[in-house]
Amino acid sequence: MKLEEVLFSAYGFSSFRPGQREVIEQVIKGKDVVALLPTGMGKSMCYQLPAHILPGTVLVVSPLLSLMQDQVAQLKKMGEKSVVAINSFLKPQEREKIWQTLGSYRFIFISPEMLVQPFVKKQLEKIRVSLLVADEAHCISQWGFDFRPDYLRIAEILPILKFPQVLALTATATEKVTQEIKAYLKLDEPFIYKHSMDRKNIVYDIKKFEDSRQKLEWLTSFVRKSAGPGIIYAGTRRKSQELAAILMDQGISASYYHGGMEHQDRVFVQQQFQNGELDWVCSTNAFGMGVHISNIRHVVHFQLPTSVEGYVQEVGRAGRDGEAALATLLYAEGDEGLLQSLVMDELPTRHEIQQVASHPARADQLVADGIVRETALRVIAYWLSRLSESETLRQMDFLQSEKIKQVDKMKKLVNLESCIREYIIECFDQHLKGKPENCCVNDGIDYTVFGKPQAKPQKVVLESWQNRLNALLP
DNA sequence: CGGTCATTCATTAGTGAATGACCGGTGCCCTAAT
């Protein structure tokens, strides 16, 4: 059967999007693949379609529980019944049942943390996995080194699964990140598909101010005269709430989102935004992954992101529909401060490493006493189980210097006098092929194309059935 | 770096200024306590 026929019979699509065919062909041939496809290019089809041709299960490593739930729901909606997410949402009974029937699933979604647990490994050993997928594979290098070290351990599952082929998917990866993905997933000679990272319909703007008050004044007047939906990225949780409050005061439809909120509140905000009931979300960098909304017109950065990669990911959430979208980066003197210090705090300190190394049995106590941070302990434990204390210290120094380089690239972007699009693409080790007419602040921007806020239809208030019935009756 | 919170001080009573310490973002896990 031809691929198009499978595509049509299983999913009802009649043609592939750019890149999909190339990637899927290689997967079916049995190659390992690293695929860099921009947001909104149908990455998930790259493993969904092969699942209908390969004999065994497709195991998908996914970074967020909410993303997993989403993907499962989406597959079920398309009529796929044999799909499951293994995570902490499961009740013990459900979990027990899943272990019993594990081999019968066509798709299994799992977090890296769950994947490396000994019991889970033992369960997965019993089944036939044809394809291991690392979804959002840039997380390996974005989070693996300082935040979620289990991301560096995904390859441990390969011998247990008797070396299935591997597919790594991401929208943003520099050459360095691509190499790290290859190294940590133990891919010898993968087929690498790289789509251009450039998003032609995104226009890059930078606004500079003397202090944060001016920034705020600009933001409120900008939001009032701009068409949503839009995301405003703030540097801290508190700031995201503050900005949302200020906008709401002006009668603008806005809310906030950050990692410190209750899970259900986060889900609620995201859904409101996706349903078009909310024009603006003020958030930390927690917001965005797994947000499927195609018509985001604006992404504003109220503070600097910590890397160009992070910036591109956040900006990339705009304009998935292909229509013009504006990315505005706001800068006030002194803004680098927060950036610098956040980045300095990311990695375990020398003191933390030395404490854990000299009291390995009391590590948990060190966390309880507030001497070592919990995240730091996990990162230290990962490295100390592989390297000596002095090697670990050296590794952290090295990672620190890499982070400083990333921050410097971001600082350079703010002060750029040449084309921003060109600079960004070069940060991703690619070359720009042709500039759009509306390009960036340094090449001149036509602001008229991004739309003005529309008069919203009055919100429909759902009446109770009694009231509606009464209204119908004379 | 910049904002916030706690402490200190002067002093005769509850507050207000000044100083210094501290913190800031991203998520999985099924733990222990309700």
Side-chain angles (χ1 to χ4, degrees), chain A residues 61-69 85-96 109-120 135-136 138-154 172 209-213 215-216 233-243 256-263 266-267 282-291 301-307 309-311 313-314 331-347 349 364 367-368 370 373-379 381-382 403 406-407 410-411 414:
Chain A
V61 181
S62 178
L64 303 179
L65 299 182
S66 60
L67 204 61
M68 277 182 227
Q69 303 293 100
I86 300 174
N87 57 42
S88 58
F89 289 167
L90 294 173
K91 299 186 188 89
Q93 306 155 339
E94 294 174 309
R95 195 177 292 208
E96 195 49 46
F109 291 85
I110 197 165
S111 69
E113 286 82 0
M114 194 63 109
L115 184 73
V116 298
Q117 294 202 5
F119 178 78
V120 175
D135 199 11
E136 308 287 355
H138 60 275
C139 292
I140 290 171
S141 66
Q142 185 175 303
W143 281 347
F145 295 110
D146 58 23
F147 185 49
R148 293 175 67 180
D150 289 338
Y151 250 109
L152 302 182
R153 297 177 54 195
I154 294 174
T172 49
F209 303 92
E210 271 165 29
D211 54 43
S212 59
R213 234 193 56 203
K215 240 178 10 179
L216 192 57
Y233 282 105
T236 63
R237 295 173 176 183
R238 176 185 286 272
K239 202 73 188 174
S240 72
Q241 285 186 235
E242 242 175 70
L243 294 178
Y256 60 89
Y257 184 104
H258 57 67
M261 293 159 64
E262 289 294 329
H263 178 76
R266 291 175 64 162
V267 171
C282 306
S283 74
T284 61
N285 59 356
F287 190 69
M289 217 189 264
V291 174
H301 281 84
F302 196 78
Q303 272 137 333
L304 296 180
T306 51
S307 69
E309 283 137 279
Y311 177 65
Q313 277 156 26
E314 286 162 2
Y331 171 83
E333 244 170 278
D335 276 0
E336 311 89 327
L338 172 67
L339 194 65
Q340 209 101 2
S341 101
L342 273 183
V343 167
M344 298 307 262
D345 276 357
E346 281 179 330
L347 289 159
T349 61
D364 290 336
V367 172
R373 294 162 298 171
E374 199 196 352
T375 302
L377 172 60
R378 265 199 297 272
V379 173
Y382 172 84
K403 284 190 181 294
Q406 291 190 332
V407 170
M410 195 62 225
K411 285 200 242 173
V414 179

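Not measured: the values here are computed from a predicted model. Convention: sequence-line order gives letters A, B, ...; per-chain numbering from 1.
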d(NE2, A/His301; C1', B/dG25) in whole Å:
13 Å

B/dT12 and B/dA6, which share atom name C1', separated by this distance in whole Å
24 Å

Would you indicate what A/Gly310 reaches in the nucleic acid, counting non-hydrogen atoms under 4.0 angstrom: base, sugar-phosphate, or nothing?
nothing

Taking any heavy-atom pair under 4.0 Å as a contact, classify A/Gln142: base, sugar-phosphate, or nothing.
nothing

Between CG of A/Leu347 and P of B/dG25 the distance, given in whole Å, is 17 Å

Nearest-angstrom distance, C1' atom, B/dC5 to B/dT11:
24 Å

Spacing of the P atoms in B/dG14 and B/dA18 (rounded, Å):
22 Å

Euclidean distance, atom CG of residue A/Leu338 to atom P of B/dG3 [Å, nearest integer]:
11 Å

Can you check the A/Asp345 CG to B/dC1 P distance for me, whole Å?
15 Å

Nearest whole Å is fine: how far is B/dG24 C1' from A/Gln303 CD?
10 Å

Please state the P separation for the pair B/dC30 and B/dT26 - nearest whole angstrom.
22 Å

Could you check which of B/dG25, B/dT26, B/dT4 has an atom nearest any side-chain atom of A/Glu242?
B/dT4

Would you please name every residue forming a side chain to side chain donor-acceptor pair (under 3.5 Å) with A/Glu242, sequence neighbours left out?
A/Lys239

For nucleotides 27-29 of chain B, print each protein N/O atom paired with a nucleotide N/O atom at under 3.5 Å, atom names and distance only.
unit_1	atom_1	unit_2	atom_2	d
B/dG27	OP1	A/Arg266	NH2	3.2
B/dG27	O6	A/Thr375	OG1	3.0
B/dG27	N1	A/Arg378	NH2	2.6
B/dG27	N2	A/Arg378	NE	3.4
B/dG27	N2	A/Arg378	NH2	2.9
B/dC28	OP1	A/Leu65	N	2.5
B/dC28	O3'	A/Ser111	OG	3.2
B/dC29	OP1	A/Ser111	OG	3.3
B/dC29	OP2	A/Ser88	N	3.4
B/dC29	OP2	A/Ser88	OG	2.6
B/dC29	O3'	A/Gln117	NE2	3.3

Answer yes or no: is there a side-chain heavy-atom contact under 4.5 Å between A/Glu333 and A/Asp211?
no

Would B/dA18 be called syn or anti, given that syn covers angles within 90° of 0?
anti

So which atom in A/Pro63 and which in A/Trp143 form the shortest heavy-atom distance, rounded to 0.1 Å?
CB-CZ3, 4.0 Å

Atom-pair distance (OH on A/Tyr151; C1' on B/dT26), nearest Å:
12 Å

Any chance the side chains of A/Gln142 and A/Glu136 put a donor and an acceptor closer than 3.5 Å?
no

Assign each of A/Gly235 and A/Asp335 the nucleotide of DNA chain B bearing its closest heavy atom; nearer the 5' end lies the nucleotide of A/Asp335

Say we look at B/dT4 and B/dG25: how far apart would their P atoms be, to the nearest angstrom?
13 Å

Whether the A/Tyr331 and A/Glu336 side chains hold a donor-acceptor pair (N or O, under 3.5 Å, no angle test) is what I'd like checked.
yes

Between the NE2 atom in A/His138 and the OG1 atom in A/Thr172, the distance rounded to the nearest 0.5 Å is 4.5 Å

Separation of A/Glu333 atom CD from B/dG2 atom P, in whole Å?
9 Å

Those stems involving DNA chain B that have three or more consecutive Watson-Crick or G-U pairs, both distances under 3.5 Å, are B:1-10 with B:15-24

I'd like to know if A/Thr236 reaches the base of B/dG25 with its side chain such that a donor and an acceptor end up less than 3.5 angstrom apart.
no

To the nearest Å, give me how far apart CD (A/Gln406) and C1' (B/dG25) are.
14 Å

Do A/Cys139 and A/Arg148 come close enough that some side-chain heavy atom pair is under 4.5 Å?
no

Just to confirm, is there a sub-4.0 Å distance from OP1 or OP2 of B/dG25 to any side-chain nitrogen or oxygen of A/Ser240?
no

Using the salt bridge (Lys or Arg N to Asp or Glu O under 4.0 Å) rule, take A/Glu262 and A/Arg266 through it: C-alpha gap first, then chi angles, then the decisive distance, then the call.
CA-CA 6 Å; A/Glu262 289 294 329; A/Arg266 291 175 64 162; over 6 Å; no

Are A/Met410 and A/Thr306 packed together at the side-chain level, in the sense that at least one heavy-atom pair is separated by less than 4.5 angstrom?
no

Please examine the side chains of A/Met68 and A/Phe89, heavy atoms only from C-beta on, and report whether any two atoms are closer than 4.5 Å.
no

